Structure formats: C-alpha cells, structure tokens
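Atoms within each ligand, like the ligands themselves, are counted from 1 in listed order. Here the structure is a predicted model, which means the values were calculated and not measured.
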Amino acid sequence: NEKELINGKPYYYHQGFWIAEFLFRSTISAQRNFVAHEDDIILASCPKSGTTWLKALVFSIVNRTRFAPTDSPLLKVNPHDLVPFLESPSRIFEKIVFDQPRLFSTHMPHQLLSLSIKTSDSKIVYISRNPMDQFISYWFYTCKFPNDPNAEPVDLEDFFDKFCRGIHNSGPFWDHVLGYWKASLERPHKILFLKYEELKKDIGFNIKRLAKFLGFPFSEEEERRGVVEEISTLCSFEKMKNFDVNKNGHWTLGISNSLFFRKGEVGDWKNFLTPSMVERMEKLLQEKFGEHNLTFELPD
Ligand code: A3P
C-alpha cells in the first residue's frame, strides 16, 4: 500500500482512503467481519467533526428512561468509552455488555463499511463539520497528541497542504463526507446526515430530530417536563468539558480526555488560516461539493 508520513507517523492508502498504521489491520477487519444487528446504531464521522458530542447526545437520547441527568454515566465515563469505535484495535466492543440498542461509532468512510452494515436495517448518523474548523481542530489535536510536552509543533502550512491533498486520518475528507451524503439521499430512513453548525444553531430541534430518526421520539409529556433541554444541557460543551472525567489526568483511547474538548465553536479557523489558505480551501470546497449541492457554513 502507498504510504505517507503525517507528523512522523505512517499512514497507508487503502481503497481510496488514508488510514493510520495503528488502525490499519483493525479497520480492514471491521470492513470484512463486522456483523450488524437490525437495531444497531452507528455514529459516523470524519475525525474532529463533533464525534464526542454526537456520542453523548445519542447515548443520552436512547438511554433517557434508564438514567436521570444527575445519574448519567456521562458524568463519570468519557463518551468514547460508552460508544466504542468499530475499528478500535483493542476490539473493545467485544468486551462490552451492551444494553439495547447497541451503539457504535466509526471514522471509517461509508465506502469501507461492512456489507452487513449496509444491507441491515441498522441506522447510521453522520456528523459533518465545515472543513476549515475541522482542520484547525485536527491541527491542535495533532500538536498535542499523544500529550507529549516535548512534542515538536506540527507545521501548519505543511499539515494544511496534506489536508488539502486528502492526506489525513480517514481522508480525503471530501470523499468521506460525500460517501455518507449520497447514501443519506438514497436511503434517508437509514442514514441521517447532520452538520455540526446546525447543532450549534439549534440543539433542541436537532435532539428531537435525532430521537425521531432513531425510533425514540419524545412524548408530549417528556417535552413538557423539559427532557430535551436536560439532554442539551448535559451534553453542552461547557458542562461536558468540566465533568471530572474530562479533566486532565483521565485517559481514553490512550488520549487525555481534555483533548476532546478544546473550544467547541464555529469559525475558529479565522484566527489561524492565512488568506491564501482560505482561498485554496474555498476553491477546493467548490470543486468537490459544488455539484452535490452540499455547503458548509463559513461565517466571514
Ligand atoms: P474544537 O477543536 O474546534 O474545539 P471530535 O469529537 O470529532 O474529536 O471533534 C472534536 C471537536 O468537537 C472539538 O472542536 C471539540 O472541542 C468539539 N466538541 C467536543 N465536545 C463538544 C460539545 N459537547 N459541544 C460542542 N462541541 C464539542
């Protein structure tokens, strides 16, 4: 397989996508072997698009009769330990005793999902994010990962150039996004396509939309009791960032939990990208997404 180094670490090209070496075998295994159940829920995303938030939201929605907000496992367990990755090298999901439905997540592109996922009635929720913010989030994350205080800073220009050539974890982002976008248009009852910016704008509406899509709609009585607001508050950036489990000192997937919570805003790219980088990215977005009628909010 073709190989590239990103921040000194090897990535391999597999059927159109770049995969980190440490995820390579487990990704191929998930692609070939994962058997979905009819009521499984799979949360998919390109890295740094809002995966952690989506996990917290969906976990809270489907388990809301099981746990009161004051008793939520989210207070003590990082969402990544509640909703495991299909392609996790430790195959952690084989060790979890799930309540129903089973909740999984993946950074795998739709193109690489197992046939069983694609042909079963399991549901997929995809979260996308404007690629400029996704990029900045990814850059910060890579600079800190794996929390080594002596790590060399990652060169922004070089990292950006690779990102725009599709060389990043699960990249190219445009093929990742378009795979799920097209599949969601073909099978709207199976795949729900969300945008991070839409969730930021109206989280209440999107929690109800998610619940309905997943087959767990809120009753009028629940809405009157403010259950939607409770979930939105519990999963808000400010709250989640400050749960004890998400402070320094707690680790998940070999990463300090605090790394999953940086700023949680829309438009932070403006503080870091140069005008020529913005121009290059805008061209790229037009070229890749223009004909598909897919736009991302890029506030100026
Ligand atoms: P920033 O780096 O821009 O702050 P992922 O979960 O896919 O790794 O994405 C991480 C991004 O989502 C980070 O973006 C992180 O701060 C943001 N995020 C994490 N939890 C969030 C929440 N509860 N609400 C909104 N954004 C959140």
Amino acids contacting ligand 1, non-hydrogen cut-off under 4.0 Å: Lys48, Ser49, Gly50, Thr51, Thr52, Trp53, Arg129, Ser137, Tyr196, Cys235, Ser236, Phe237, Met240, Phe260, Phe261, Arg262, Lys263, Gly264
Phe260 and Tyr141 aromatic ring geometry - parallel, tilted or perpendicular at 30°/60° bounds: tilted
Plane angle bin for Phe34 and Phe104 - parallel if under 30°, tilted between 30 and 60°, otherwise perpendicular: perpendicular
Pairs satisfying side chain to side chain donor-acceptor pair (under 3.5 Å), at least one member in residues 235-246, at least two apart: Asn78-Asn246
Salt bridge (charged side-chain N to carboxylate O under 4.0 Å, His left out): pairs with one or both residues in residues 201-211, sequence neighbours excluded: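 Residue pairs passing salt bridge (charged side-chain N to carboxylate O under 4.0 Å, His left out), neighbours aside: Glu198-Arg209, Lys201-Glu297, Lys208-Glu223.
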Cys46 versus Thr51, closest heavy-atom pair with distance: O-OG1, 4.3 Å
Show the atom names and distances, to 0.1 Å, of all donor-acceptor pairs under 3.5 Å that link a side chain in residues 280-294 to residues at least two apart or in another chain.
| residue | atom | partner | partner atom | Å |
| --- | --- | --- | --- | --- |
| Arg280 | NH1 | Asp161 | OD1 | 3.0 |
| Arg280 | NH2 | Asp161 | OD1 | 3.2 |

